[in-house]
Structure formats: structure tokens, C-alpha cells
Asker: 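Got a structure for you, questions after.
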Amino acid sequence: MTQELPKTYEPTIAEKKWYDTWEKGGYFKPRKGKKNEGYCIIMPPPNVTGRLHAGHALDITTQDALIRYKRMKGYETLFLPGMDHAGIATQNVVEKMIMETEKKTRHDYGREAFIKKTWQWKEEYGGIIASQQRVMGASPDWDYSMFTMDPEANEAVRKVFVNLYNEGLIYQSDYIINWDPVLQSAISDAEVDHKEVNGAFYHILYKIKDSDETLEIATTRPETLLADTAVCVHPDDERFQKYIGKTAIVPFCNREVPIIADDYVSIDKGTGCLKVTPGHDFNDFEIGRRHNLPIINMLNKDGSLNEIGLEFKGMMPPKARKLIVEKLEEIGQLKEVKKHTHQVGHGERSGAIIEPLVSKQWFVNVKEMSRVAVEAVEKDDTVFYPKQWENTYFSWLREPKDWCVSRQLWWGHQIPVFYCNKCNHQWASEEDPTICAKCSDKDIKQDPDVLDTWFSSALWPFSTLGWPNPERMKQKKFDTFFPTSVLVTGFDIIFFWVARMMMMSHKVLDIRPFKHVYIHAIVRDKFGRKMSKSLGNGIDPLETAAEYGADAFRFTLAAGSGYNRTLNLDPERINGYKAFVNKLWNAFRFTYPFLQDAGELPKDFSKLDHHERWILAELNTVAAQMNSSLDEYRFDESCQAIYHFVYEKFCSWFIELSKPILYGDNEDTKASRAAVLRFAFKEIVALLHPITPFITEELWEHLKSKDEDLLIVKDYPEEKEELRFTKDQESMNKFVEIVSSIRGVRQSVGIKPKDEVALEVYTDEAELISYLKEHESGLKDMARLNSLVVKSKSEARPDKSAVAALTYCELFIPLEGLIDINDQIQRLNKDLAKTQAEIAKLNKKITNPQFIDNAKPEIVEKVKVEAAELKEKEDSLLKSLANFK
RNA sequence: UGGGCUAUAGCUCAGUGGGAGAGCGCUGCCUUGACAUGGCAGAGGUCGACAGUUCAACCCUGUCUAGCCCAACCA
């Protein structure tokens with residue numbers, strides 16, 4: 001029974017149907033396969049507030065392709081999904097929500113109630129992204145899903161924190177940090193964007209105590225002078241030698257500060273004289289440390305000036321700056337103002353100007369951990385693909401700064417450090433204590449800060465697999481899946497995430513967290529611009545999947561993923577691959593009626609004909625290519641290989657050559673051809689399945705035998721020794737070349753595609769002669785010939801003909817009176833010029849004794865053979881040309 | 001300013017010490033009984049510039065230029 005298939009592939013229905021079938025059927029769950037080996041990818045947990053964007057789509061496509069590939073190869077496969085609590089982002093969302101709906105701030109709620117509210121928000125709105133990942137065809141085991149704020153994750157976080165604390169690797173310190181006055185929290189260096197801002201150098205005169213002299217100081221931040229605690233010059237600067245050790249007087253506050261010398265100061269920059277504000281400048285902080293200067297903080301948490309700001313108290317820095325400059329001018333201590341553009345740090349999330357601020361923060365000493373993490377990559381224990389990204393990784397870790405892990409937020413893992421109000425004891429604890437560990441007093445409190453989100457992310461590869469609870473670890477098959485197989489992510493979080501997982505895994509478990517790191521490209525728009533809300537150039541994966549089909553979208557993303565750093569996504573490309581998916585569909589639609597009763601491939605391959613052996617050999621080649629390219633994360637090569645095979649080899653030649661057989665009445669050849677077509681089709685959908693899971697599963701349903709399971713768990717095709725029909729591949733290449741040449745000649749003389757012509761082939765190659773005789777009908781069919789004559793090269797050529805010369809034969813189409821001789825001459829001359837240029841190049845080599853002496857013998861031989869072949873072609877061309885004259 | 005990466009067809013990118021490739025786009029012809037989301041044929045590149053190593057350089061080395069990324073920062 002032939003079932004009517006629609007003319008175009010309709011993705012939406014198939015996608016929903018198959019996703020449900022897979023998920024409900026438990027096909028995403030790890031199963032023991034023939035490899036008896038685990039394969040695990042931990043999905044980078046997207047933010048709980050997030051919506052799927054193009055970058056996620058790429059993440060999922062590459063990871064899911066790997067997972068599906070390994071699953072089919074028989075590994076026990078786990079794709080582990082999750083979500084990140086995204087401290088700042090989530091807190092912002094909830095704060096915004098309660099402000100809009102209830103006109104309340106988080107302080108109105110209080111900490112406990114606010115956190116409860118945030119959990120409510122999470123349950124209600126969070127994690128939409130998981131359903132969006134399903135649309136893309138992701139095949140993780142959803143039962144493994146974890147949230148970075150889950151109790152299990154918290155258990156891991158607390159255990160690691162307490163261990164590091166007790167080892168002395170976590171410490172609290174006054175330190176100058178990036179303070180975001182809008183978020184009212186410390187943020188990491190990496191969350192600060194430096195933007196160019198138009199400012200000015202203000203040249204200010206500082207009086208010197210007991211003297212009429214002044215020092216001219218240049219600064220871009222005059223308002224911070226109120227917190228100055230020194231003036232600094234270079235120790236070798238002759239101009240200022242006499243002042244070193246004396247005392248300067250800070251304007252307004254009349255603070256007396258020392259004039260010190262430090263070689264941080266450049267003699268030729270600015271005025272060579274620097275005001276030192278250890279409380280509000282990173283470098284000044286370092287100078288202050290070296291010289292034991294006091295630290296003065298002149299800012300409130302919201303960024304406004306505090307009482308140190310005197311009459312400017314309460315103002316924000318820009319306003320204070322303006323007034324201070326005006327006043328300096330009034331009192332004659334402003335020398336000049338020079339316009340100047342400089343870089344100012346802005347909060348990545350809030351956009352606020354970041355204030356360097358000294359405060360008590362928690363730090364992780366990463367010195368030893370980063371050394372170990374560097375070593376692991378140096379000795380290839382963990383390998384990056386592409387390798388060059390290891391440089392980026394090293395550059396971060398070879399000069400590590402201690403990691404500031406405290407954040408002044410409410411939403412996150414609260415730091416498990418406790419204080420006794422009575423005896424001032426401080427200690428870290430995995431469990432919430434009720435009494436002081438030292439004096440047993442009940443008046444204790446927990447540190448109010450929470451941990452940087454990346455702290456919990458750093459533990460993610462093992463906290464998701466049950467660590468530190470032995471029972472959970474067993475249940476989640478920790479031993480099978482850890483270390484994980486590969487981490488797939490973008491280069492932008494090599495430091496944020498990859499480096500920290502490496503550090504923590506080695507520190508906590510003394511083993512690598514993953515064997516490979518595949519760094520994929522960053523998705524940009526077709527002009528290479530970042531996708532952003534403000535540009536409005538983002539590509540919505542859901543809309544894209546709906547418009548082109550998830551398979552076409554996945555294929556596009558995979559085809560653009562290799563070792564490149566950017567992927568410029570052009571909807572035109574997606575449309576192109578939609579055509580490819582449709583092509584596959586139609587190839588199937590055509591062959592389908594013949595496949596339904598088709599048998600299996602014969603055991604004895606000698607029963608197969610030349611074209612059948614050829615397509616099996618090509619299929620074998622493409623299977624080898626798919627395996628090796630997927631193993632190396634060269635998705636671009638995989639896509640190219642299968643695309644080329646399906647279009648060029650399978651559709652254009654094999655199906656075309658099969659038509660006369662399938663429509664013919666020789667039942668034996670028909671049956672053989674149908675069996676090969678069915679086998680080839682099954683292999684094609686299997687090869688493609690990791691990249692385009694939906695349409696392949698849909699086609700598989702029609703192709704599989706009754707006792708076969710779904711495609712998602714079918715064996716992945718691998719190269720087979722018995723299918724290497726090299727000779728058939730070689731002769732088929734000639735067949736293709738001859739047909740294409742004939743078509744080219746036909747076209748050049750304007751023969752209509754429909755019209756049949758006669759062909760005369762001149763050659764002396766015995767093998768070719770018998771091959772042409774054997775495949776006369778196929779040749780006639782593909783080149784639209786009504787007759788074929790093969791003659792020896794010694795025979796006379798017909799007069800008025802369209803001609804093509806190959807290295808091993810000449811093709812003549814006699815066309816009495818029909819052809820434009822000049823066109824032909826022009827064509828042949830062009831070919832001749834090209835051929836002769838090639839010959840000249842090769843001859844130059846052959847006649848060069850140094851080439852003969854130095855080049856490898858096989859290269860010399862190859863060049864000689866080529867030259868001889870081309871010479872033959874040249875002779876043919878010259879003869880043909882002479883014929884026309 | 002330092003470090004890294006990149007420079008190949010109109011666009012996006014592969015690639016190799018010995019004959020310049022793919023996809024898309026473009027041009028021409030074709031509504032041939034799976035598919036016009038198609039078929040066939042074709043045009044298009046001094047492989048960023050200069051020098052060096054080599055019998056031989058798009059590939060290796062150096063210098064320069066341009067772009068991107070990271071870091072630092074001009075007080």
C-alpha cells in the first residue's frame with residue numbers, strides 16, 4: 001500500500017510527535033549500550049530568568065548532536081540539564097516586579113519574605129527555557145535536572161566553603177573592590193565594562209606646609225581629594241626631590257598628608273605628581289599598602305558623599321566634582337582644566353559608574369588551585385578544542401588574583417560563617433548552628449552576604465552528580481559519569497566558569513572535571529554584530545524553529561560550528577538548509593513506493609552492480625568522515641560531508657541512475673536496486689540524526705523493519721572494510737566527468753536539454769572502452785544520447801563537431817551545420833591556454849635538476865604523470881582546433 | 001600600552017610545503033514523470049603587504065598594515 005506523502009515536509013507536527021515519543025519512552029535516560037562506557041555532558045545551566053537566545057540554541061545543538069551521536073554509538077549517555085539561580089539578575093527581576101505591582105522594595109519585605117517571594121517567582125515564571133530547549137530537540141534526562149539553589153547544591157557549596165575556610169584558603173579582608181552603587185554590591189572585575197568617557201584633567205595646586213610653594217597635581221577625579229592621604233612623586237624625579245618627606249595640605253579639609261616617593265608614578269605623565277586616595281582608586285590602594293597610609297572612605301553605599309565630603313555631603317560624585325572645581329577656582333587653587341577622554345568602569349548589568357571602594361569582603365586564595373588547573377591543561381589531562389583557547393585559559397590563571405566571592409545580595413547561597421555576639425568567635429559551619437561553637441551562647445548571627453553565583457557553578461560538574469552525599473552519588477552513577485566527557489561553551493566564560501570548575505574539581509576531588517573542553521563560536525548577526533536588544537538584531541530560536549523547522553535551524557548552527565570564533569547567522573542560510581531538509585524529504589517521497597517491499601542488502605556483494613557498489617562505497621566514505629569529524633567537534637565538516645553526499649552523490653546520480661531500473665521491468669535488478677536504496681536511506685538518516693533528529697526519525701518510521709527500535713537508539717554507521725569498493729569509485733568518477741563534459745559541450749553549442757544527440761568517443765584505454773560499453777544505457781540516459789560509438793584515437797575525427805578533450809579521451813558530438821565554429825574555437829582555445837599554462841608550470845619543475853634531486857620521489861612521479869596526461873589533452877585540443885580550420 | 005587571535009571568491013568560512021575549495025549569492029539555459037525549497041552548466045581569487053628560509057611558500061620565519069578579543073591604564 002502506497003501511503004500519500006505531502007509534497008513538502010511539514011516540521012511542526014513531526015517535531016512535537018517525536019519529542020513526546022522520545023521523552024515519554026524514556027529514550028533520553030542513560031542506558032547501557034554495546035560500548036559499556038559512560039558519556040556525559042553537563043549542560044551549562046542557563047539563567048532561571050533567561051529566555052532562549054541564539055547562543056543557547058548553538059549550545060544545545062552542538063551538545064545534543066554529540067549526545068545523540070554517542071548514544072547511537074552505544075555509550076551509556078547522560079545529558080544533564082539544569083538552571084542557574086543567577087543572583088543579581090533574578091533579584092533584579094523580582095525587585096522590579098514587587099515595585100511595579102505592590103510599590104514595595106525588598107526592604108519592605110525583609111530578607112526572609114523576599115527570598116520566599118523569589119522562590120515563588122521561580123516556581124511560577126522561572127525555567128521557561130526548559131520548554132524552549134525541548135523545541136530545539138534537546139535530549140537530556142530531565143529527571144536529572146537541578147537548580148543551583150537546590151538543597152543538594154547548597155550542601156556541596158557549604159561543604160566546600162567550610163573546608164576551604166578551615167584550611168585558611170577563604171579569608172576576610174579589607175580590600176578595594178568594584179562597588180556597584182545601584183546594585184549596592186561588590187561585583188567582579190569581569191563584570192565591569194570599561195567605556196570611554198569624555199572627562200578632563202584638573203590641575204590642582206596643593207599647598208606645602210610651612211612654605212609658600214605649591215605642588216601641581218593632575219587628576220580626573222578632583223572630588224576624591226577629600227579622601228586623599230598622601231601626595232606622591234617618583235623617587236628619581238629631580239623636580240620634586242626637595243619636597244619628599246615634607247607635608248602637603250589637602251584643600252577644603254586642610255588635612256596634612258605626607259609627600260612620599262613611589263616608583264609607580266611616571267615622571268612624564270600628567271604633572272609627575274600624584275594625589276593618593278587609597279580608599280577610591282585601585283593603584284592608590286596599592287601605594288597606600290606599601291606606605292602604610294590610612295584609608296578614608298568618603299562614599300555611602302549608594303555612591304553619594306558621606307560626612308567626609310563636608311559641605312558636599314549627600315551629593316553624587318559628578319555634582320560634587322563640579323562644585324569642588326568651581327570652589328577650587330575661587331580660592332585660586334585650580335591651575336587649569338584639560339579635556340581628556342578616559343576609560344571609566346561601568347557595571348555590566350546595572351550600567352552604573354563603578355566606584356572603587358574599600359570594604360570587608362570574603363576572598364578565596366586561588367594561588368595553588370590555579371597552579372594545579374594550569375598544570376592539568378599543560379599536560380593535556382584536559383584538552384581544549386580548538387587548542388588555541390588554552391592561551392586564553394592560561395592568561396587568566398597564570399597571574400591569578402584572589403577571588404572575591406562575597407556579594408551583598410539576598411538571593412544566593414548565604415555565606416555559612418557565623419559570629420557570636422558575646423565572645424566574638426567566628427566560625428564556618430555546614431549545618432546551621434543554634435549556639436556559639438566556642439562559648440555556647442545563643443546570641444549568634446550569620447554573615448549576611450551571599451556567595452558569587454560562580455561559586456556554586458564551579459562545583460556544578462560534581463554537585464549535579466550527587467556529591468558529597470554517597471547515596472546520591474551512587475544513585476546518580478557518579479562513577480560512570482565523572483569526570484564528564486566534554487564541556488561545551490563559548491569563549492566568553494573560559495575564566496568565569498571553565499577555569500573555576502577546573503580549580504574546584506582538582507581541589508575538592510583531585511581529578512579533572514572533564515576530558516575535553518569544546519569552545520564554540522559566539523553567534524552574531526549576518527553583519528558580524530553582536531546580537532543585542534538595543535540593536536534589535538537578535539534571532540529568536542523559537543520563531544526561527546517555527547519558520548524553518550528545528551532541523552534546518554540545527555543544521556545551520558552545526559554547519560557553522562567548527563574551530564571558528566564567530567558564527568554570523570543569516571536567515572538566508574537557514575532557508576538554504578530548510579531546502580536541504582526538504583530535498584531529503586522529496587528524495588524519500590520518490591523512492592518510498594519502491595522501498596516498501598524492498599529486502600535487505602544481499603550477503604554476497606558480487607551480486608550488486610557497479611553503481612550500487614559505488615554508492616555503498618561513497619556511503620562508507622561519508623560514514624568515516626562523519627565519525628572522525630564529530631569526534632573532533634568539526635560539525636562544519638560533518639555537515640558538509642553529508643550535505644554533499646545527499647545532494648551530489650545520492651540524489652543527482654544514484655537516484656537519477658536508478659529511475660530507468662525502477663521504472664523498468666527487470667524484476668531482479670529492480671529488487672536489488674530497491675534493497676540498496678533502502679539500505680542507503682537507512683544509513684543516511686542515521687548519519688544525519690544527531691544533527692537533524694526530527695525528520696530523520698520521521699523517515700525512519702517508514703524505513704525500519706518491524707523489529708527495529710526508534711532511530712534515536714539505532715547503531716551509528718561506521719566505516720566498513722567490506723564496503724570499500726575503491727575501483728568502482730574511481731571508474732564512477734570518470735563516468736561523472738564524461739557526462740558532465742558532454743553536458744558542458746551541449747550547453748555551449750545551445751543544444752536543448754531535451755534533444756538527443758550522437759556521441760563519438762575516441763580513446764585507446766582498453767578499460768575505459770569496456771566500461772563505456774557496459775554502461776552505455778546509463779551514459780545515454782544521463783547525457784541524453786541517441787547513439788554512442790567508441791573509436792580508436794588513430795581513426796579520423798568527424799568534421800563539424802562540438803568537442804571536449806579529457807586527459808584520457810576525446811568526446812565528439814557531430815553537428816552538421818548546426819554549430820557556430822567560432823564559438824567552438826574560442827572554447828577550445830581557452831581550454832588549450834589553461835592546459836598549456838599547467839604544462840609549462842609542471843615542465844619547469846621537471847626540468848629543474850634540484851627538484852628532481854630534492855623532492856620526494858612520489859611527488860616527482862606524480863608531476864611527471866600529470867604532465868604526460870595534460871600533454872595528451874593538449875594534443876587532442878590541438879588536433880580538434882586544426883580540424884576546424 | 002601589553003598579550004592573544006584573525007586576514008583565502010561578492011558574503012560566511014574550510015584547507016594543505018608540491019595541481020586554489022565549500023555553502024550562500026551571482027549569470028545563462030531548463031515548468032525532463034521526487035523536489036522551482038528543483039535540475040544542468042558557468043563566471044569570479046596576484047590566498048592582507050613586504051622580505052627571508054626552501055628545488056618549491058597560500059601554508060614555515062620575520063617586519064609592517066588592518067580588524068577582533070582579553071588585560072592594563074594615562075593620575
Side-chain angles (χ1 to χ4, degrees), chain A residues 5 7-9 189-190 194 201-202 217-221 224 232 264-266 268-277 281-284 340-343 386 388-389 391-392 394-396 399 491-492 494-495 521-522 524 526-528 548 552 556 559-560 562-570 572-573 575-593 634 636-637 639-640 643-644 651-652 655-656 659 663 739-740 743-748 750-754 784 838 841-842 844-845 848-856 858-860 862-863 866-867 870:
Chain A
L5 294 173
K7 198 170 170 182
T8 51
Y9 171 60
D189 287 348
H194 290 274
F201 273 139
Y202 299 90
I217 285 162
T219 179
T220 53
R221 296 206 60 188
T224 61
C232 189
Y264 166 76
V265 180
S266 308
D268 50 359
K269 269 189 196 165
T271 59
C273 186
L274 174 71
K275 73 187 202 60
V276 184
T277 321
D281 183 283
F282 288 95
N283 292 304
D284 292 5
H340 175 67
T341 57
H342 59 128
Q343 304 277 326
Q388 74 220 29
W389 286 115
N391 285 328
T392 305
F394 290 143
S395 75
W396 279 105
E399 283 173 57
F491 65 79
D492 47 341
I494 287 178
F495 170 69
I522 300 291
R524 293 168 183 270
K526 66 173 173 176
F527 304 112
Y548 303 98
T556 311
Y563 292 170
N564 47 321
R565 64 167 45 215
T566 55
L567 194 175
N568 295 0
L569 195 56
D570 182 349
E572 248 339 279
R573 306 280 313 259
N575 201 37
Y577 291 123
K578 182 185 172 191
F580 171 68
V581 170
N582 190 56
K583 178 82 181 173
L584 188 70
W585 175 258
N586 272 292
F588 179 75
R589 203 163 67 94
F590 168 71
T591 49
Y592 183 49
R634 288 302 305 261
D636 53 343
E637 286 182 354
C639 288
Q640 196 181 323
Y643 183 97
H644 182 251
C651 291
S652 293
I655 291 186
E656 290 306 323
K659 282 179 181 174
Y663 287 130
V739 172
S740 297
R743 285 170 177 167
V745 173
R746 293 174 53 117
Q747 181 111 355
S748 73
I751 300 167
K752 287 213 157 36
K754 264 190 202 168
R784 294 201 70 80
E838 288 290 327
K841 229 157 106 182
L842 296 175
K844 205 175 146 193
K845 284 187 179 181
N848 181 353
Q850 282 165 314
F851 171 71
I852 304 292
D853 290 347
N854 292 312
K856 286 181 225 149
E858 63 264 33
I859 297 287
V860 176
K862 201 177 134 196
V863 171
E866 263 167 44
L870 285 171

Asker: Picking from C24(B), A20(B), C73(B), which would you name as closest to the side chain of Y643(A)?
Answerer: C24(B)

Asker: Can you tell me how far P of C24(B) sits from CG of D636(A), to the nearest Å?
Answerer: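 The distance from CG of D636(A) to P of C24(B) comes to 16 Å, rounded to the nearest Å.
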
Asker: On RNA chain B, nearest-nucleotide positions of K659(A) versus Y9(A): which is more 5'?
Answerer: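 Residue closer to the 5' terminus by nearest nucleotide: K659(A).
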
Asker: Using the side-chain contact (heavy atoms from CB on, under 4.5 Å) criterion, which residues pair with N854(A)? Sequence neighbours excluded.
Answerer: Q850(A)

Asker: Strictly below 4.0 Å: does Y663(A) bring a side-chain N or O up to OP1 or OP2 of A34(B)?
Answerer: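 Yes, such a contact exists.
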
Asker: Specify whether Y663(A) and F590(A) have parallel, tilted or perpendicular ring planes, treating 30° as the upper limit for parallel and 60° as the lower limit for perpendicular.
Answerer: perpendicular

Asker: What distance, rounded to whole Å, do you find between the two P atoms, one in U46(B) and one in C58(B)?
Answerer: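 One P to the other, the span is 13 Å.
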
Asker: With sequence neighbours excluded, what pairs up with F851(A) under the ring-ring contact (aromatic ring centres under 6.0 Å, His included) test?
Answerer: none

Asker: Measure the spacing between CZ of F580(A) and OG1 of T556(A) and express it to the nearest 0.5 Å.
Answerer: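 The CZ atom of F580(A) sits 11.0 Å away from the OG1 atom of T556(A).
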
Asker: Between V860(A) and A855(A), what is the shortest heavy-atom contact and its length?
Answerer: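 Looking at all heavy atoms of both residues, the shortest contact is CG2-CB, 3.9 Å.
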
Asker: Identify which nucleotide among U37(B), A34(B), G18(B) has an atom closest to any side-chain atom of I859(A), counting heavy atoms from C-beta outward.
Answerer: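 Of the candidates, G18(B) comes closest.
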
Asker: With C1' as the reference atom in both, quote the distance from G19(B) to A56(B) in angstrom, rounded to an integer.
Answerer: 13 Å

Asker: Which whole-number value in Å describes the distance from W389(A) CH2 to C5(B) C1'?
Answerer: 7 Å

Asker: Would you indicate what N283(A) reaches in the nucleic acid, counting non-hydrogen atoms under 4.0 angstrom: base, sugar-phosphate, or nothing?
Answerer: sugar-phosphate

Asker: From the set A34(B), G23(B), C35(B), return the single nucleotide nearest to any side-chain atom of I655(A).
Answerer: A34(B)

Asker: So which nucleotide from G23(B), C35(B), A20(B) ends up closest to the side chain of R589(A)?
Answerer: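 Out of G23(B), C35(B), A20(B), the nucleotide with an atom closest to R589(A)'s side chain is C35(B).
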
Asker: Nearest-Å distance, CG (N586(A)) to C1' (U37(B))?
Answerer: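 Taking atom C1' of U37(B) as the reference, CG of N586(A) is at 9 Å.
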
Asker: Nearest 0.5 Å, what's the CG-NZ distance between D284(A) and K275(A)?
Answerer: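 It comes to 7.0 Å.
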
Asker: Which value, rounded to the nearest 0.5 Å, describes the distance between T591(A) atom OG1 and K659(A) atom NZ?
Answerer: 11.0 Å

Asker: If you measure from the C1' atom in G44(B) to the same atom in G23(B), how many Å do you get, rounded?
Answerer: 15 Å

Asker: If we take the P atom in both G67(B) and U8(B), what is their distance in whole Å?
Answerer: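 To the nearest whole Å, 15 Å.
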
Asker: Determine whether E866(A) and E838(A) satisfy the following criterion, side-chain contact (heavy atoms from CB on, under 4.5 Å), listing intermediate values before the conclusion.
Answerer: CA-CA 9 Å; E866(A) 263 167 44; E838(A) 288 290 327; over 6 Å; no

Asker: Between the base of A22(B) and the side chain of E637(A), is there a donor and acceptor pair under 3.5 angstrom?
Answerer: no

Asker: Please measure how far the C1' atom in C47(B) lies from the corresponding atom in C59(B), and state the result in whole Å.
Answerer: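 After rounding to an integer number of Å, I get 10 Å for this pair.
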
Asker: What residues form a salt bridge (Lys or Arg N to Asp or Glu O under 4.0 Å) with K7(A), not counting sequence neighbours?
Answerer: none

Asker: Flag the pair Y577(A) / Y548(A) as yes when their ring centroid distance falls below 6.0 Å, and as no otherwise.
Answerer: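 They do not qualify: ring centres at least 6.0 Å apart.
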
Asker: Calculate, to the nearest 0.5 Å, the distance between atoms OG1 and NZ belonging to T8(A) and K578(A) respectively.
Answerer: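 One finds 8.0 Å between OG1 of T8(A) and NZ of K578(A).
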
Asker: What is the distance, rounded to the nearest whole Å, between atom CZ of F491(A) and atom C1' of U6(B)?
Answerer: 12 Å

Asker: Hey, mind stepping through Y202(A) and T220(A) against side-chain contact (heavy atoms from CB on, under 4.5 Å) and telling me if it holds?
Answerer: CA-CA 6 Å; Y202(A) 299 90; T220(A) 53; 5.8 Å; no

Asker: Would you measure the distance from the C1' atom in U31(B) across to the matching atom in G38(B) and give it in whole Å?
Answerer: 10 Å

Asker: Of all the choices, A36(B), U37(B), G18(B), which nucleotide is nearest to the side chain of K7(A) once you look at every atom?
Answerer: A36(B)

Asker: Roughly how far apart, to the nearest Å, are C60(B) and U53(B) at atom C1'?
Answerer: 8 Å

Asker: Establish, with yes or no, whether the OP1 or OP2 oxygen of C13(B) is under 4.0 angstrom from a side-chain nitrogen or oxygen of R634(A).
Answerer: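 The answer is no; no side-chain N or O of R634(A) sits under 4.0 Å from OP1 or OP2.
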
Asker: Give, for atom CZ of R743(A) and atom CZ of R784(A), the distance between the pair rounded to the nearest 0.5 Å.
Answerer: 10.5 Å

Asker: Nearest whole Å is fine: how far is A34(B) P from Y592(A) OH?
Answerer: 17 Å

Asker: Choose from G25(B), U37(B), A34(B) the nucleotide whose nearest atom is closest to any side-chain atom of E572(A).
Answerer: G25(B)

Asker: Polar atoms only, N or O, under 3.5 Å: list the protein pairs with nucleotides 38-41 of chain B and their distances.
Answerer:
from: G38(B); atom 1: O3'; to: K583(A); atom 2: NZ; distance (Å): 3.1
from: G39(B); atom 1: OP1; to: K583(A); atom 2: NZ; distance (Å): 3.0
from: C40(B); atom 1: OP1; to: S652(A); atom 2: OG; distance (Å): 3.2
from: A41(B); atom 1: OP1; to: S740(A); atom 2: OG; distance (Å): 3.3

Asker: Taking atom C1' of C74(B) as reference, at what distance in whole Å does atom CD1 of I217(A) sit?
Answerer: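 So the two atoms are 16 Å apart, to the nearest Å.
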
Asker: Say you draw a straight line from CD1 of I859(A) to CD1 of I852(A); how long is it, rounded to the nearest 0.5 Å?
Answerer: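 The CD1 atom of I852(A) is 12.0 Å from CD1 of I859(A), to the nearest 0.5 Å.
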
Asker: At under 4.0 Å between heavy atoms, what does K754(A) touch on the DNA or RNA strands: base, sugar-phosphate, or nothing?
Answerer: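 Counting heavy atoms under 4.0 Å across all strands, no contact is made by K754(A).
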
Asker: Rounded off to whole Å, could you give me the CD-to-P distance for the E838(A) and A20(B) pair?
Answerer: 6 Å

Asker: Rounding to a whole Å, what distance do you find between N564(A):CG and G23(B):C1'?
Answerer: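 Atom CG in N564(A) sits about 14 Å away from atom C1' in G23(B).
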
Asker: Could you write out RNA chain B as dot-bracket? Rules: Watson-Crick or G-U wobble, both distances under 3.5 Å, brackets [ ] for crossings, | for pairs with another strand, dot for unpaired.
Answerer: (((((((..((((....[..)))).(((((.......))))).....(((((..]....))))))))))))....

Asker: Considering only nitrogen or oxygen atoms on both sides, find all protein atoms under 3.5 Å from nucleotides 52-58 of chain B and state each distance.
Answerer:
from: C55(B); atom 1: O2'; to: N848(A); atom 2: ND2; distance (Å): 2.8

Asker: Taking the C1' atom in each of G18(B) and G4(B), what is the distance between them to the nearest angstrom?
Answerer: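 Looking at atom C1' only, G18(B) and G4(B) are 32 Å apart.
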
